[in-house]
Amino acid sequence: MDQKDGVIFLKEEARQNRRISDDVQELSVTDEALPVEKFDHLYLLNTVLRETFDAINRVSVTLDVETAYPYLEVSEDRKSVRWTPTRRNLPDTRKRFTHWECVLGSEGFTSGRHYWEVEVTGIRFWSLGVAAESVKRKGWHSLSPETGLWIIGRDGDVLHRDYDVFGPPSPESRLAAGPIPGKVGVYLSYESGTVSFYNAETKSHLHTFTGNKFTGKLYPLFGTWDRNQWLRICSGSAPGL
């Protein structure tokens with residue numbers, strides 16, 4: 001998504017039962033784009049989200065095979081990835097992840113607003129989000145904003161916002177109960193310091209990382225450890241409603 005993309009206004013979830021503050025301004029379309037408004041707090045406005053999805057353009061994301069974990073197979077068009085039981089004999093360069101089943105997108109972002117969708121239907125173990133270029137790629141470490149990772153994932157029947165690779169998601173990291181999405185939308189707003197996730201099928205909000213001050217390049221991230229199930233980056237125009 002470039003500078004003329006749709007805007008997503010965020011609102012607090014119903015569980016907190018708070019009203020949107022008076023300083024929220026009406027949406028207006030100028031130069032065929034919805035301008036980004038700045039607020040002290042970012043909340044999901046589900047009704048506005050539905051109305052603005054038509055105005056959102058997706059970025060075309062392809063996978064960087066040089067970053068792929070050795071047990072991951074990347075498709076020829078670099079739009080899909082799956083876990084395989086056979087370790088490939090690949091050069092252990094500084095870019096490659098060697099202890100975590102993931103792969104990065106080829107293009108990184110240092111500004112702007114960007115949106116992409118990923119098909120995860122039938123995959124019980126996956127992770128999606130954004131990684132800093134400086135993220136550690138060798139050895140074990142926790143997966144969190146503190147380590148340069150803004151991700152959510154599925155571990156069986158649990159959705160979580162981050163976790164420690166040594167064990168299952170902690171209760172504190174679990175997302176609110178709801179239907180497991182078959183397609184996930186990822187939205188990066190670099191200047192606003194936010195990474196948001198949506199159930200792209202229902203146009204509903206899953207989670208938002210806020211309060212970040214991004215520096216350096218950020219890359220789309222894709223992880224899977226479900227044998228022979230393809231995780232696929234979607235392409236085309238924005239979803240219809």
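- Under 3.5 Å, the side chains of Ser75 and Asp77 contain a donor-acceptor pair of N or O atoms.
- Paired with Arg96 under the rule side chain to side chain contact (heavy atoms under 4.5 Å, CB included), one option of Leu90, Leu104, Thr67 passes, and it is Leu90.
- Of the possible donor and acceptor atoms, none in the side chain of Glu117 sits under 3.5 Å from a partner among the backbone N and O of Val186.
- Annotation: side chain of Trp100 is not in contact with side chain of Val135 (no heavy-atom distance under 4.5 Å).
- The closest side-chain heavy-atom distance from Ile152 to Leu159 is not below 4.5 Å.
- Side-chain contact check for Leu72 versus Phe97: every heavy-atom pair is 4.5 Å or farther apart.
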Between Arg154 and Ile123, does a side-chain contact (heavy atoms from CB on, under 4.5 Å) hold up when you go through it step by step? CA-CA 8 Å; Arg154 180 182 180 184; Ile123 304 176; over 6 Å; no
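- Contact annotation: the side chain of Trp126 approaches that of Val184 to within less than 4.5 Å [non-hydrogen atoms, C-beta and beyond].
- What you find for Ser127 and Trp225 is that their closest heavy atoms are OG-CZ3, 3.8 Å.
- Annotation: side chain of Arg137 is in contact with side chain of Lys95 (closest heavy-atom distance under 4.5 Å).
- Salt-bridge annotation for Arg82 and Asp226: absent, with no side-chain N of the basic residue lying under 4.0 Å from a carboxylate O of the acidic one.
- Separating the CZ atom in Arg124 from the CD atom in Gln229 is a distance of 11.0 Å, to the nearest 0.5 Å.
- Distance check: Phe222 CZ to Ile233 CD1 gives 3.5 Å after rounding to the nearest 0.5 Å.
- When side chains are defined from C-beta on, His160 counts as touching Asp155, because their heavy atoms get closer than 4.5 Å.
- The aromatic rings of Tyr71 and Trp83 sit parallel, their planes meeting at an angle under 30°, below the 60° perpendicular limit.
- Atom NZ in Lys217 sits 8.5 Å away from atom CD in Glu107 (nearest 0.5 Å).
- For the residue pair Gly185 and Ala200, the shortest heavy atom distance occurs at N-CB, 4.0 Å.
- Leu149 approaches Ala131 most closely through the heavy-atom pair CD2-CB, 3.6 Å.
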Can you check side-chain contact (heavy atoms from CB on, under 4.5 Å) on Phe109 and Val130, steps first, answer last? CA-CA 10 Å; Phe109 309 113; Val130 175; over 6 Å; no
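- The environment of Arg227 atom CZ is sparse: at most 12 non-hydrogen atoms of other residues, nucleotides or ligands sit within 6.0 angstrom.
- Ring orientation note: the planes of Tyr190 and Phe214 are tilted relative to one another, at an angle of 30° to 60°.
- Glu201 and Lys183 are not joined by a salt bridge, as no carboxylate oxygen comes within less than 4.0 angstrom of a charged side-chain nitrogen.
- If you take CG on Leu231 and OG1 on Thr224, they are separated by 5.5 Å, rounding to the nearest 0.5 Å.
- In this structure, the side chain of Thr121 engages the main chain of Gly182 through a donor-acceptor pair within 3.5 Å.
- Looking at Asp64, its side chain never comes within 3.5 Å of a backbone N or O of Ser106 through a donor-acceptor pair.
- A 4.5 Å side-chain heavy-atom check between Pro181 and Tyr198 finds every atom pair outside the cut-off.
- Listed here is the closest heavy atom pair of Leu128 and Phe197: O-CE2, 3.5 Å.
- Side chain of Lys79 to main chain of Val61: a donor-acceptor pair is present (N/O by atom type, distance under 3.5 Å, no hydrogens or angles).
- At a threshold of 4.5 Å between non-hydrogen side-chain atoms, the residues Lys138 and Asp92 count as touching.
- The minimum heavy-atom distance between Gly156 and Phe125, with the atom names listed, is N-CE2, 3.4 Å.
- If you chain together hydrophobic residues whose side chains sit under 4.5 Å apart, Trp230 and Val118 never meet in one group.
- Here the CH2-SG distance, from Trp116 to Cys234, works out to 13.0 Å after rounding to the nearest 0.5 Å.
- Separation of atoms OG1 (Thr208) and OH (Tyr187) is listed at 10.0 Å; rounding is to 0.5 Å.
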